[in-house]
Amino acid sequence: MPQRPRGTRDFLFDEMKERKQVEDILRKVFETYGYQEIKTPLFEDLNLFTMKSGEGITGQIYHFQDKGGRDLALRPELTAPVARLYINELQKKSKPLKMYYFGSCFRYERPQKGRWRQFWQMGCELIGGKSPDCEAEIIAMSAHCLEELGLENFEIHIGNLGIIRGILDGANVAKEKQDQIMAIIDKGEIDELKSTLNTFDIPPKTSEILLTLINMQGHREIIEETSKLVAENENSFKAVKELEKLLDILEAFGFNKYIVNLGIARGLDYYSGVVFEIYVHDLGAQKQISGGGTYNLIELFGGGEVESTGFAFGFDRLMECVRLCGAGKTLPKTVDVVVAPISKDEKLKAVEIAQKLRRHGIKTDVDLMGKKLKKILSQADSLGAEHVIMVGERDLKENKITIKNMKSGKQELLYLSQLLSYFK
RNA sequence: GCCGGGGUGGGGUAGUUGGUUAUCCUACGGGACUGUGGAUCCCGCGACUCGGGUUCGAAUCUCGGCCCCGGCCCCA
């Protein structure tokens, strides 16, 4: 028996309907903010991802060689492909560019709850905009999506990598060492951080500031405390002021449920400024449903200095939340009408009637198996059809059919010519 | 990659001090009922994750693979 590869899923009818509903809701929110959909290839040149994504991701890439010997990779994320698309196709367009995408990504990892080897991301990129205004829009929009989905139990944590980077720059810490330190901060390992700071010979005062910074978590008041803490470092201070401005704008967008958290660092190395993550604690170990921030990937790819901000939902985790909250809506019916030929002789007539209904947008099923009437009725019932049209010899003699309302059980004799108006 | 728990018809399950025909529910097919569903009854269909080992005999004990679930690392 053939088996589904590990960490992948088959989606059946109901689940697809649920996913489609959520997809449509997000799509609609994105479009009300003026974002347009794009689609990029499922695989790209391997080096698109190995260049700047950071070690964490590159170790999990599905890579292969094609018959021409090219090194290719199934995409592990979508920000790099979108940056590539921008450089290839859109550099000369007026800014800002607003785009969204929905597609699957692949990572070779140990599957567990909320983690698959093929998973879906739905997100936006705002290319060439000015922060913090654009950052605020992206964050507000992601909150808007969650509200639209009927979710409430989420937390949006916002930080700014510029604050910590500024401190490290001030102490003349090399870029590679900085990346290592950021990775440890992302993990939240305080002891490991302390010992690493020691081995890197970071001045005690700097270490102390860092350790205080990463524990900063709260609302508005964090800004003032942090300002004082980093007052002597010009870049860090600027980053704090930027963050403050972001919060002002965010509130203008009508969102103030944020949590300022200077300990978030993100797993991808290309983030440079404001970063944010959204958590839903009920989800367990894989509680992060979204993440994003400002990055300079385009510049790293040689596309000029273009400031960009983006974020993506882990679509599968989002589905998990929707399910948990019972926020799912009622699923659309499979068919509205079933056409039942009473004997084989009426089959052609039944097909004809079904086609007429379909042409008018009515979801219709017609029995093609020569089943007995009772069987067709029983099936119509389990499909949730509202009406069954019975096509039989007796009625046809008078150019009529019998239409049965499956809920009430009542039935009516109708002329064939009256059929369409019955459904209006 | 690491740790722990699992795997019985399509779905959900009972059964393991080794021993006849592997339980029940549901779904599905047929019939009671040849132009009337959601009810009842009858019949049918269909499973021990795979491979090795122990044994007269393995769903049950044992080893390994595969897959699933939870966690670690990491991340969406």
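Side-chain atoms are counted along with the backbone in the values below, which use heavy atoms only and exclude waters and symmetry mates. Chain naming here is simple, since letters A, B, ... match the order of the sequence lines and numbering starts at 1 in each.
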Is there any protein nitrogen or oxygen under 3.5 Å from a nitrogen or oxygen in nucleotides 35-37 of chain B, and what are the pairs?
from, atom 1, to, atom 2, distance (Å)
B:G35, O6, A:R394, N, 2.6
B:G35, O6, A:D395, N, 3.4
B:G35, N1, A:D395, OD2, 3.4
B:G35, N2, A:D395, OD2, 3.2
B:G35, N2, A:T402, OG1, 3.3
B:U36, O2, A:K404, NZ, 2.8
B:U36, O2, A:Q411, OE1, 3.1
B:U36, N3, A:Q411, OE1, 2.9
B:U36, N3, A:Q411, NE2, 2.9
B:U36, O4, A:Q411, NE2, 2.8
B:G37, N1, A:M406, O, 2.5
B:G37, N2, A:D381, OD1, 2.7
B:G37, N2, A:M406, O, 3.2

Next item on the list: May I ask you to say what A:G7 touches in the nucleic acid, namely base, sugar-phosphate or nothing, with a heavy-atom cut-off under 4.0 Å?
Entry: sugar-phosphate
Notebook entry, point to check: Pick the nucleotide of RNA chain B nearest each of A:I289 and A:S382; which residue has the one closer to the 5' end?
Noted result: A:S382
Next item on the list: Take atom CZ of A:F311 and atom P of B:C75, then tell me their distance rounded to the nearest Å.
Entry: 20 Å
Note to self: Taking the C1' atom in each of B:G57 and B:G1, what is the distance between them to the nearest angstrom?
What the structure shows: 41 Å
Next item on the list: Write down the distance separating the C1' atoms in B:C48 and B:G7, rounded off to the nearest Å.
Entry: 10 Å
Note to self: I'd like the P distance from B:U49 over to B:U60, given in whole Å.
What the structure shows: 8 Å
Notebook entry, point to check: Can A:F315 be called stacked on B:A76 when the rule is centres closer than 5.5 Å and an angle between planes below 30°?
Noted result: no
Next item on the list: For B:G6 and B:G15, measure between their P atoms and round to the nearest Å.
Entry: 15 Å
Checklist line | Non-hydrogen side-chain atoms of A:V173 and A:I167 separated by less than 4.5 Å | finding: no
Notebook entry, point to check: Which part of the nucleic acid, if any, lies within reach of A:W116 when heavy atoms closer than 4.0 Å are counted: base, sugar-phosphate only, or nothing?
Noted result: base
Note to self: Between C1' on B:G38 and CD on A:E386, what's the gap in Å once rounded to a whole number?
What the structure shows: 15 Å
Check: Where the side chain of A:K372 is defined as all heavy atoms beyond and including C-beta, which of B:G71, B:G31, B:C73 is the nearest nucleotide?
Finding: B:G31
Checklist line | Side-chain N,O (A:R110) to OP1/OP2 (B:C2) below 4.0 Å | finding: no
Checklist line | Assigned partner base of B:C67, Watson-Crick or wobble definition, under 3.5 Å | finding: B:G6
Margin query: Classify A:K371 by what it touches in the nucleic acid, base, sugar-phosphate, or nothing, heavy-atom distance under 4.0 Å.
Written below: sugar-phosphate
Margin query: Output the rounded distance in Å from CZ (A:R117) to P (B:C66).
Written below: 11 Å
Item checked: Pair A:E18 + A:R323, salt bridge at N-O below 4.0 Å -> yes
Check: Where do A:H144 and A:Y33 land on the ring-ring contact (aromatic ring centres under 6.0 Å, His included) test, with the steps shown first?
Finding: CA-CA 11 Å; A:H144 191 161; A:Y33 284 76; 5.5 Å; yes
Next item on the list: Could you tell me the separation between the CD atom of A:Q60 and the C1' atom of B:C73, rounded to a whole number of Å?
Entry: 10 Å
Check: What does A:R115 touch in the nucleic acid at a heavy-atom separation under 4.0 angstrom: a base, only the sugar-phosphate, or nothing?
Finding: base
Notebook entry, point to check: Hey, are A:E125 and A:Y295 close enough side-chain-wise for a donor-acceptor pair under 3.5 Å?
Noted result: yes
Checklist line | Sugar-phosphate only, base, or nothing, as touched by A:Q112 at under 4.0 Å among non-hydrogen atoms | finding: base
Notebook entry, point to check: Quick one: do the A:E135 and A:T294 side chains pair a donor with an acceptor below 3.5 Å?
Noted result: yes
Quick one: side chains of residues 415-424 of chain A, donor-acceptor pairs under 3.5 Å with protein atoms, not counting sequence neighbours, listed by atom name and distance.
from, atom 1, to, atom 2, distance (Å)
A:Q418, OE1, A:Y415, N, 2.8
A:S421, OG, A:Q418, O, 2.8

Notebook entry, point to check: Rounding to the closest angstrom, what is the interatomic distance between B:A14 and B:C72 at atom P?
Noted result: 29 Å
Item checked: A:L78 CG - B:C75 P separation (whole Å) -> 18 Å
Next item on the list: Verify whether one side chain among A:Q411 and A:T402 offers a donor that lies under 3.5 Å from an acceptor in the other.
Entry: no
Item checked: Nucleotide forming a Watson-Crick or wobble pair with B:G18, both distances under 3.5 Å -> none
Notebook entry, point to check: Is there a donor and acceptor pair, one atom on the side chain of A:R317 and one on the base of B:C75, closer than 3.5 Å?
Noted result: yes
Checklist line | Atom pair distance, as rounded to whole Å: CZ in A:F106 and C1' in B:A76 | finding: 14 Å
Item checked: Distance, C1' atom - from B:C28 to B:G12, rounded to whole angstrom -> 15 Å
Margin query: Can you tell me which residue among A:F11, A:Y101, A:F102 is in a ring-ring contact (aromatic ring centres under 6.0 Å, His included) with A:F315?
Written below: A:F102
Margin query: Rounded to whole Å, please give me the gap between CZ in A:R75 and P in B:A76.
Written below: 15 Å
Checklist line | Verdict with reasoning, A:Y108 to A:F106, per ring-ring contact (aromatic ring centres under 6.0 Å, His included) | finding: CA-CA 7 Å; A:Y108 189 87; A:F106 303 81; over 10 Å; no
Notebook entry, point to check: What integer distance in Å separates A:E109:CD from B:C73:C1'?
Noted result: 10 Å
Item checked: Under-3.5 Å donor-acceptor pair between A:E277 side chain and B:A76 base -> no
